[in-house]
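When a ligand or atom number is given, it counts from 1 through the structure's own listing order. Computed from a predicted structure; not experimentally measured.
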Amino acid sequence: MTRSNEPVAFEPFSKREKRTRRVLSVQSHVIHGYVGNKAATFPLQYRGWDVDGLNTVQFSNHPGYGHFTGFKSQPSEIYEIMQKGLLEGLQMDYDAVLTGYLPSVESLQVTAKAVGGLCRRKPHISWILDPILGDNGRLYVAEENVPAYKQILRENDVYVVTPNQFEMETLSGVKIDSLQSLRLSFEVFHQEFPRVEKSVVTSLEFPSSANNDQQYIYCACFDTHPASGAMNYFKINKLDAQFSGSGDLFNALLLDFIVPVHKQDAVPLTTVLQRVLLLVDKILRRTLELSVTKKTTSQQSRIIKDLKLIQCAELLHPDRSFDDFEAAARIVEGRLN
Ligand SMILES: Nc1ncnc2c1ncn2[C@@H]1O[C@H](COP(=O)(O)OP(=O)(O)O)[C@@H](O)[C@H]1O
Ligand SMILES: Cc1ncc(COP(=O)(O)O)c(C=O)c1O
């Protein structure tokens, strides 16, 4: 097995004769730390993508620190840069567009207008949309973003949506407290939004059974193309820590695995998720190892503000095989028809 502190020999990028994929990533930017575009850019670039990062906010650090400074981009600025600058001016072509945190309903609407129009003109572009609304039972954006997202999902060809449990409940109207209700939420969601091709609920927790200290996180998906009618899910051992940026890292890796260099190399959504979850698990474990020392074992120290992405570079290398990821054993896969 490759140890983290041993040098690893990889093929130089130049020798691989691969096409460089291009993504427009519309997300938040922090000067310090790794959330939004800062969490997505390095992994994507390192894995062979040209990343055009459009920053929807520029903050000193993410709000989880308790204090931050910075500013939000205006809707007109976002639209000008995207529509006038990139799409009309440079006539940019992309393999994918990733949309994440948008600071107001107007910025959400102008982004959707530009990206939706682009995807209609160029149907080969994969739109990965994270419908950022909130978490743990509460909204952290304005209430009006809910009907705005619903309208966007109804009117546009979105390739993959990546809500969390609360966002899926909000968009589908189904309370999710079991695998059966999760299955129902997918069904209702795709009836309501038939133009969305694939959906992934990135993290879910169900009430745990008594006398069981190990907590689990679930991740589940539903694919309408090809349509199996089934829900696939993964059960992951939960780490005793809270991470910022893990959802943004998840989306970036999902994008990388689901939009291959060559179409013929496409793999099923379940295989994509297995890879994403293995890699995220590896990165979160190393982040935890490097963040929590023996001297700092308090609960407070288990709130991990920043992913250790740079220290995980060799885990992210595209030539790295998944064979030595002993983490595989910790991820249980299931299916509900
Ligand atoms: N405490 C944790 N233990 C293990 N895995 C985690 C933990 N927190 C996040 N993850 C991983 O990160 C992924 C994204 O989850 P999360 O950060 O909750 O994002 P989101 O809120 O966007 O769903 C999960 O699917 C899981 O693989
Ligand atoms: C502006 C902004 N974007 C993104 C994130 C990261 O969200 P997640 O932890 O779900 O990846 C945060 C988290 O604090 C944030 O404040």
One pair per line, please: each N/O atom of ligand 2 matched with every protein N/O atom under 3.5 Å away, atom names first, then the distance to 0.1 Å.
| unit_1 | atom_1 | unit_2 | atom_2 | d |
| --- | --- | --- | --- | --- |
| ligand 2 | 3 (N) | S28 | OG | 2.9 |
| ligand 2 | 9 (O) | G245 | N | 2.8 |
| ligand 2 | 11 (O) | G245 | N | 3.4 |
| ligand 2 | 11 (O) | G247 | N | 3.1 |
| ligand 2 | 11 (O) | D248 | N | 3.1 |
| ligand 2 | 11 (O) | D248 | OD2 | 3.2 |

Going through the distances and angles, do V146 and L139 end up as a side-chain contact (heavy atoms from CB on, under 4.5 Å)?
-> CA-CA 9 Å; V146 177; L139 281 178; 4.0 Å; yes
Do any pairs count as a side-chain hydrogen bond (donor to acceptor under 3.5 Å, both in side chains) and have a residue in residues 70-79, sequence neighbours left out, and if so which ones?
-> none
Protein neighbours of ligand 1 with a heavy atom under 4.0 Å, given by chain and number, are D135, N164, T202, S203, I217, I236, N237, K238, L239, A241, F243, S246, G247, F250, L277, V280, L284
More than 12 heavy atoms of other groups within 6.0 Å of Q151 CD = no
Would you check if Y218 and I236 make a side-chain contact, meaning some heavy-atom pair closer than 4.5 Å?
-> no
Can you find a heavy atom in the side chain of Y65 that is under 4.5 Å from one in the side chain of H32?
-> yes
Could you tell me whether the side chains of S25 and N37 share a donor-acceptor contact shorter than 3.5 Å?
-> yes
Can you name the residues that form a side chain to side chain contact (heavy atoms under 4.5 Å, CB included) with N156, not counting sequence neighbours?
-> R120, W127, I152, V158
Contact check, side chains of M92 and L24, non-hydrogen atoms, under 4.5 Å | no
Are a donor atom and an acceptor atom from the side chains of N251 and T162 found within less than 3.5 Å of each other?
-> yes
